[in-house]
Asker: 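So that we are looking at the same thing, I have put the structure below in structure tokens.
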Amino acid sequence: MHTHTLLRQLQIRYPVIQAPMLGVSTPEMAAAASNAGGLGSLAVGGLSPDAVATLLDQTRALTSKPFAVNLFVHNVPELDAATPEPMQQLIQRLAAERGYILTDADLRLPRLYTYKDQLDVLVKEDVRLVSFTFGCPDDDSIRLLKTHNLLLTGTATSLKEAAWLQDKGIDMVVAQGIEAGGHRGSFLHLGDDLPQQSLEALLQDMKTDIHIPVIAAGGIRDVAGAKKMIDLGAAAVQLGTLFIPTRESQAIPGYKQLLSGKTEMRSVLTTAFSGRWARGLSNAFIRAIETSGIPVLPYPYQNALTTALRKKAQAQNDPEFTSLWAGTELPLTTVADMSATIVTQFGRALADES
Ligand SMILES: Cc1cc2nc3c(=O)[nH]c(=O)nc-3n(C[C@H](O)[C@H](O)[C@H](O)COP(=O)(O)O)c2cc1C
């Protein structure tokens, strides 16, 4: 029932959403997912308005189908100018030991763009679908986007967060289970109070009180898993990790290889790369930060401090010094699929059901 509402609202054929994945997903991936009948997502969290416009142009050159534009909706905390130093020095030292030279400029905190800087370009470019994580836009921003008829999808890691989004008039909600790769979208419970419910438990919790369509995300790696989530009340599924080894992904070869068939590897929750809890494969950088005893800076400052190092490591195809976000469930196949194949495989199976 909810699936039909969602398909109509999003104007797509299959209830299959390619998760936005900043640093991994691409205009090619979003377009391939949408052209195959699912919903592609373009990740633009923290990017400048000009970069957003360019990515929109690139995606629109490849598809005329709907796709979502995904924002990071968080507040930037104040940072005492003195606090970054110990972490800056640690990162510089770890980088040097690995053979990467970081200059002071590499470690300077850059201009940080928030979702508010991106609203004008979304409206001007006539974006129809926006999804977001790490919070809820403020009332003025919601009003602006709704005035321009944008459909809004939030991310919740607890019933409390889903109810909050629903009360704010958000149209749909992604239920993000603890299995999910990448950052936890949590925004009402920060610090040690991180929600860690499984996707299944989260969907069960949401069944009674959440009336907007719920999209299930986290640890879905096969059709049986997707069907189970639909049976539990989800209107659609959102898949992330499965798309990382695809041809359209910009993940480095070393990262793709770790996700292709090495099913014994397990991901961990860490704040080491960004200052926010995120799930990824453990590596040398995470272990060094976590055993250093030096406090990790709050998001987005820690993220900014590790950006240059991650770029250098990626250029060298070095998976030990860049983030390897991945869910608890890794792809079953050893073959790097195409994004379209994943969407049609899940989409056809789910369409047979409804
Ligand atoms: C590499 C990677 C990057 C991600 N980046 C984003 C992002 O930019 N925005 C967002 O809303 N979610 C992001 N996520 C989380 C996904 O939206 C989704 O919750 C998750 O991938 C689902 O779990 P799965 O990876 O087990 O399929 C990311 C996930 C991964 C694996």
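FYI, the numbering just counts along the sequence from 1. Read the numbers this way: they start at 1 and go in the same order the structure lists the ligands and their atoms.
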Asker: Do H183 and T133 come close enough that some side-chain heavy atom pair is under 4.5 Å?
Answerer: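 Heavy-atom side-chain distance check fails, nothing below 4.5 Å.
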Asker: Write out the protein residues near ligand 1, meaning a non-hydrogen atom under 4.0 Å from one of its atoms, in order of chain and number.
Answerer: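 Around ligand 1, where the cutoff is 4.0 Å for heavy atoms, the contacting residues are A19, P20, M21, L22, V24, A43, N70, F72, T133, Q176, E179, A180, G181, G182, A217, G218, G219, Q238, L239, G240, T241, I244, Y255, W325, G327.
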Asker: Give a yes or no on whether the ring-centroid distance for F285 and F273 is below 6.0 angstrom.
Answerer: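 Yes, the ring of F285 comes within the 6.0 Å limit of the ring of F273, centre to centre.
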Asker: Under 30°, 30 to 60°, or over 60°: which ring-plane class applies to Y299 and H74, parallel, tilted or perpendicular?
Answerer: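 Aromatic pair Y299/H74 classed perpendicular.
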Asker: Side chains of T270 and E290: do they bring a donor and an acceptor to under 3.5 Å?
Answerer: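 The criterion, which ignores hydrogens and geometry beyond distance, is satisfied for E290 and T270.
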Asker: Check whether any side-chain heavy atom of Q302 lies under 4.5 Å from a side-chain heavy atom of T271, and answer yes or no.
Answerer: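 No - every pair of side-chain heavy atoms lies 4.5 Å or more apart.
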Asker: Could you tell me which non-hydrogen atom of V52 sits nearest to which non-hydrogen atom of Q118, and how far apart they are?
Answerer: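 Smallest interatomic distance, heavy atoms only, reads CG2-NE2, 3.9 Å.
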